[in-house]
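Index from 1, following the sequence. All ligand and atom numbering here is 1-based and tracks the order in the structure.
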Amino acid sequence: MSAEIFEKVNKVLKEVELASPKTKEEIEQFRIKYLGSKNTIKPLFGEIRHIANEDKGRFGQLVNSVKKAAEDKFQQLQASLEAAAEQSSSQGIDTSAPGETLALGARHPISVVMNQIIDIFTKIGFTVAEDREIEDDWHNFGAMNTPEDHPARDMQDTFYLQNSAEMLLRTHTSSVQARVMNQTKPPIRIIAPGRVYRNETISARAHCQFHQVEGLYIDENVSFADLKQTLLYFAQEMYGADTKIRLRPSYFPFTEPSAEVDISCFVCNGVGCNICKYTNWVEILGCGMVDPQVLENCGIDSEKYTGFAFGMGIERQAMLKYRINDIRLLFENDIRFLNQFKAAF
Ligand code: DAH
């Protein structure tokens, strides 16, 4: 009988020794359990009645030591809690204050517009093709029918890699046309978004790096009418259902015939404004029927296949859509500017 009671008291002593409350609440619970008015140590004193006389002294000492252990531990815990509170308040930290909320990021307007363009074209069966920014002369110029003496090849416009007449930073995403045509058999229906580089003086209207989306569709019997309808669909999805397009004859080495595409001014709707420079039309892209020579350069039978291509600057679309009047804003990462696009997706 005595032994069992001794064991019970020793168990409580162990419990007290092993307890490791940390928070204020846990420490308070420890106090209630071992030192409160209905604590678990108090009834142990009553057990002395069942202890044999010769053991009573030893038993009393043991129960007292449990009580003392609980008191000491509680004091220690309280002291360390106070020390922690003092340290944090001396560091100016209010641990009861609500935490700081993390600022939510937003997509960059270039990404927003790029994703929009990708969505519009993937809906009608185009797939996305991406390729390298460091390109060789052949894919950027040669395959694209840009003769040796074409002004676009001038060192002024192109960033060549150091000590290389061959490797360059691509000047347009048309280089992806050559890459895809070399690897894939028609039908081909791709858009190629990406960054391009030109050795231009940086100003409000031009930058040495910008983004383009290239489109390419090659199959049997692809016609200029297909091109026009595809671009009308794009313009209306991008700028509103009432948008009209106008094609003006133009020249690109890689297309024949070539055209530049204008959309009706979605800002003034024909009244005249400084976005359309009072012409009611705003240029958005270049396009044309892929020159048969380009098909042949890339191993595609130009007797059997025809195709159309187009290319547009993404900065231009973003600037029009959001009325941004300085291209440099798109590259400066100024948080005051970028914050304004939080509502965009
Ligand atoms: N590569 C041209 C540029 O950078 C844009 C372009 C025009 C691409 C007509 C095309 C096209 O595919 O058919 O200015």
Check your understanding: Can you find a side-chain donor-acceptor pair between Asp72 and Gln76 that sits under 3.5 Å?
Key -> no

Exercise for review: May I ask you to check if Arg170 and Phe159 form a cation-pi contact, with NZ or CZ under 6.0 angstrom from the six-membered ring centre and within 45° of the axis?
Suggested key: no

Revision key, fill the gap. A student checking ligand 1 against Cys287 at a 4.0 Å heavy-atom cut-off should list atoms 9 (C), 11 (C), 13 (O)

Check your understanding: Between the side chains of Thr171 and Asn140, does any donor sit under 3.5 Å from an acceptor?
Key -> yes

**Study point:** Heavy-atom nearest option to atom 14 (O) of ligand 1, drawn from Met312, Arg198, His172
**Key:** Arg198

Exercise for review: Could you tell me whether Gln177 approaches ligand 1 through its side chain, its backbone, both or neither, with non-hydrogen atoms closer than 4.0 Å?
Suggested key: side chain

Check your understanding: Based purely on interatomic distance, does Ser174 place a nitrogen or oxygen under 3.5 Å from a nitrogen or oxygen of ligand 1?
Key -> yes

Check your understanding: With distance as the sole criterion, is a donor-acceptor pair present between the side chains of Glu15 and Tyr34 under 3.5 Å?
Key -> yes

Exercise for review: Identify, by atom number and element, the atoms of ligand 1 in contact range of Ala309, meaning under 4.0 Å from any of its heavy atoms.
Suggested key: 12 (O), 13 (O)

Review point. What is the nearest protein non-hydrogen atom to atom 12 (O) of ligand 1, stated with its residue, atom name and distance?
Key: Glu214 OE2, 2.5 Å

**Study point:** Met144 near ligand 1 by a heavy-atom separation under 4.0 Å
**Key:** no

**Study point:** Lys42 side chain to Ser37 backbone, donor-acceptor under 3.5 Å
**Key:** yes

Point to revise | Per-atom contacts, ligand 1 versus Gly288 - under 4.0 Å to a heavy atom | key: 13 (O)

Review point. Can Tyr305 and Glu220 be counted as having a side-chain donor-acceptor contact under 3.5 angstrom?
Key: no

Point to revise | Per-atom contacts of ligand 1 with Thr255, taking only distances under 4.0 Å to non-hydrogen atoms | key: 13 (O)

Practice item. Check the side chains of His139 and Arg179 for a donor-acceptor pair under 3.5 angstrom, ignoring hydrogens and angles. Key: yes

Review point. Closer than 4.0 angstrom: is that true for some heavy atom of Phe254 and an atom of ligand 1?
Key: yes

Practice item. For Gln212, counting its heavy atoms only, list the atoms of ligand 1 lying under 4.0 Å from any of them. Key: 3 (C), 4 (O)

Check your understanding: Side chains of His211 and Glu315: is there a donor and an acceptor less than 3.5 Å apart?
Key -> yes

Review point. Backbone, side chain, both or neither: what part of Met289 comes under 4.0 angstrom of ligand 1, heavy atoms only?
Key: neither

